[in-house]
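What's counted below: heavy atoms across the whole structure, side chains too, no hydrogens, waters or symmetry copies. Here is the naming used below: chain letters follow the sequence lines, and residue numbers restart at 1 for every chain.
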Amino acid sequence: MEIRVRFAPSPTGYLHMGGARTAIFNWLYARQRGGKFILRIEDTDKERSTKEAIDAILNGLRWLGIDWDEGPYFQSDYFNIHREWAYNLLREGKAYRCFATEEELENLRKELQKEKKSFKFYPKYRDLDLKESNDMAENGKPFVIRFKVPREKEIVRYVDFIYGEIVKKIEEIEDFVILRQDGTPLYNLSCVVDDIRMNITDVIRGQDHINNTSKQILLYEAFGAKPPNFAHLPLILAKDKSKLSKRKHGEVASLTYYINKGFIPEALFNFLALLGWSPKTNEEYMPKEKLLKLFDIKKVNKSNAIFNFDEKNQKEWTDKKAIWLNAQYISKYPYEKIYPYVKEVLIKNNLWKEEYEKEKKEWFRFAIDSLRTRLHSLNEFATLGKPFFSSEYEINEEALNHILQNKEILNENLVELAEEFFKNENFEIEEIEKTLRDFAERKNIKAGIFIGALRVALTGQKEGIGIFHIIKIIGKEETKKRIEEFSKRYLI
RNA sequence: GUCGCCAUCGUCUAGUCUGGUUCAGGACACCGGCCUUUCACGUCGGCAACAGGGGUUCAAAUCCCCUUGGCGACGCCA
């Protein structure tokens, strides 16, 4: 039988990390078995659903490289069908109209609480004769439709791929509402009806749905359908051990933030896939193909994972392992794969020049390959990389002050050193290095003094890639020019 | 409160099913050495955990029970 999974987010917020991981696991599961991945937007709560949220979800999935075979379906388009199915249950005596008012219910709930019981159903309406129920409805008395949980059964049971056997006592399940007073369907109904209609074979979703699953299985049975397989994923928690959410923990919970922060999609994909699941091979760098080969839904662990970040610390804005993985991808990706991302970032920051893919193609590649070994974010191509693509870069004050300790030496020698560089014929790294070291030796000055000064003069930064790489990338003329300008401005 | 789930280094995790090979392995982070007279690269090394208590057993991180802790669900939200 063909595997069919679905990712069914509700468009009430942006695509968050938990949702993204659910999508990843669904996608991995479907793709490794030649199954279909269906995207369904669960917008049954019209009040809270927004167009922006839908766009964010779609864009987020595309960005992650998660493609879908069907959809996006919008659940609200099928309200009539859901309602029809609910009424079928009503006709068959598997559901009933509950005419209880809010007050009535509240009182009942309070009373039950005194006896330490919780609400399960309202016999008065549950046992109402269908004809009488029809009459009341016709007379305009408002009602909801509740599912009539089969009380003759003892338990509902299913085997979860991850949690194993889950048994729930029938007596603990209330007659839940499936149709609102205004006739719109509720989550449990819509979800089951659509999963049946769409022939979903495997439901992979967050662990917070475990409780719903028992109810949903009852619905499957009422509809005479075979329930799908279920796999409930452990939750992603924040440091305070509560469920990671945008409301509580801010942007770090939202996928959009990672896009803006310069993540490579596959790096985030990799990180998320390893959160709650392990290939058990001691490897961390796992591109999609490898993940596809090794992923096993049944080996996902049961305990929740904590997302370790510190919002107060810039460098730890998200889990450090995620940042580290991103750095891995930036430096290990084949050039062809990293290139489009770099181009995009440079364009966004007005640093892109057409010649980078024409006459300066080779130069550009060398620059990027040198640069990327040190970067943690794509955005750094435009910040730390700026001096290579523009002569307008800022000078780090701390770094400047540091080298100005040797102001006199530099004033006497730096421009002369620049002239020496200029005499280089090939301007290759070894040659540049030799020039500098010979020069320093001749002058009896530590090479380090020049190295530090050159870094500041040429890039304005106190750290970065090797200085000889920097000089080669910046080029003969520009190096000379920058040193001269720097001397005039700071050394005299 | 009720019901359910979970419990190995600070964090992600391997090992738990099939008890001995583990005074518990890897990764991130952290600390130190080397390299670099730059570096958020690289490299080598270090720190660091079986929640607690009872069993069962020749032997328990691994099996059983209890306690504790954490999380989730208890909506005419999804």
Kindly give the atom pairs (protein nitrogen or oxygen, nucleotide nitrogen or oxygen) under 3.5 Å for nucleotides 73-78 of chain B.
from  : atom 1 : to       : atom 2 : distance (Å)
B:A73 : O4'    : A:Asn211 : ND2    : 3.4
B:C76 : O2     : A:Gln181 : N      : 3.2
B:C76 : N4     : A:Gln181 : NE2    : 3.2
B:C77 : OP2    : A:Arg180 : NE     : 2.5
B:C77 : OP2    : A:Arg180 : NH2    : 2.5
B:C77 : O3'    : A:Arg180 : NH2    : 3.3
B:C77 : O2'    : A:Asp45  : OD2    : 2.6
B:C77 : O2'    : A:Arg48  : NH2    : 3.0
B:C77 : O2     : A:Arg48  : NH2    : 3.2
B:A78 : OP1    : A:Thr44  : OG1    : 2.8
B:A78 : OP1    : A:Arg180 : NH2    : 3.0
B:A78 : OP2    : A:Tyr187 : N      : 3.0
B:A78 : O3'    : A:Glu42  : O      : 3.2
B:A78 : O2'    : A:Ser10  : OG     : 3.1
B:A78 : N6     : A:Asn212 : OD1    : 3.2
B:A78 : N6     : A:Asn212 : ND2    : 3.0
B:A78 : N1     : A:Asn212 : ND2    : 3.2

Look at the side chain of A:Ser278 and decide which nucleotide, out of B:C71, B:A14, B:G10, has an atom nearest to it.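 Selected nucleotide (nearest to the side chain): B:A14.
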
Listed nucleotide nearest any side-chain atom of A:Ile210, set B:G15, B:G72, B:G4: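 The closest nucleotide is B:G4.
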
Is a donor-acceptor pair below 3.5 Å formed from side chain A:Lys321 to base B:A27, judging by atom type as modelled?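 Check passes, donor-acceptor contact within cut-off.
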
Answer yes or no on whether [X] is positioned over the face of [Y], meaning its NZ or CZ is under 6.0 Å from the six-membered ring centre and within 45° of the axis.
X: A:Lys261; Y: A:Trp317; result: yes
X: A:Arg40; Y: A:Phe7; result: no
X: A:Lys386; Y: A:Tyr393; result: no

Using whole Å, report how far [atom1] of [X] lies from [atom2] of [N].
X: A:Glu463; N: B:A40; atom1: CD; atom2: P; result: 6 Å
X: A:Lys302; N: B:U13; atom1: NZ; atom2: P; result: 13 Å
X: A:Lys241; N: B:G69; atom1: NZ; atom2: C1'; result: 8 Å
X: A:Glu284; N: B:A29; atom1: CD; atom2: C1'; result: 13 Å
X: A:His376; N: B:A40; atom1: NE2; atom2: C1'; result: 5 Å

Between A:Arg21 and A:Glu283, which has a closest nucleotide on RNA chain B that is more 5'?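 Mapping each residue to its closest nucleotide by heavy atoms, the 5'-most match is A:Arg21.
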
May I ask you to check whether A:Tyr329 and A:Phe263 place their ring centers less than 6.0 Å from one another?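 No, the ring of A:Tyr329 stays outside the 6.0 Å limit from the ring of A:Phe263, centre to centre.
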
When all nucleic acid strands are considered with a 4.0 Å heavy-atom cut-off, which category describes [X]: base, sugar-phosphate, or nothing?
X: A:Lys239; result: nothing
X: A:Leu454; result: nothing
X: A:Gly464; result: base
X: A:Lys446; result: base

Taking only N/O atoms, report every protein-nucleotides 50-52 of chain B pair under 3.5 Å with atom names and distance.
none

Within residues 269-277 of chain A: residues closer than 4.0 Å to RNA chain B (heavy atoms):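 By residue number: A:Leu274, A:Leu275, A:Gly276.
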
Could you tell me which residues satisfy side chain to side chain contact (heavy atoms under 4.5 Å, CB included) with A:Lys288, sequence neighbours excluded, listed by chain and number?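 Partners of A:Lys288 by the side chain to side chain contact (heavy atoms under 4.5 Å, CB included) criterion, ordered by chain and then number, come out as A:Trp27, A:Glu266, A:Phe269.
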
Mind telling me whether A:Phe230 and A:His232 have parallel, tilted or perpendicular rings, with 30° and 60° as the class edges?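 It falls in the parallel class, under 30°.
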
Under 3.5 Å, which donor-acceptor pairs link side chains of residues 399-406 of chain A to any protein atom two or more places apart or in another chain?
from     : atom 1 : to       : atom 2 : distance (Å)
A:Asn401 : ND2    : A:Glu397 : O      : 3.4

N/O-N/O pairs, protein side and nucleotides 42-46 of chain B side, under 3.5 Å:
none

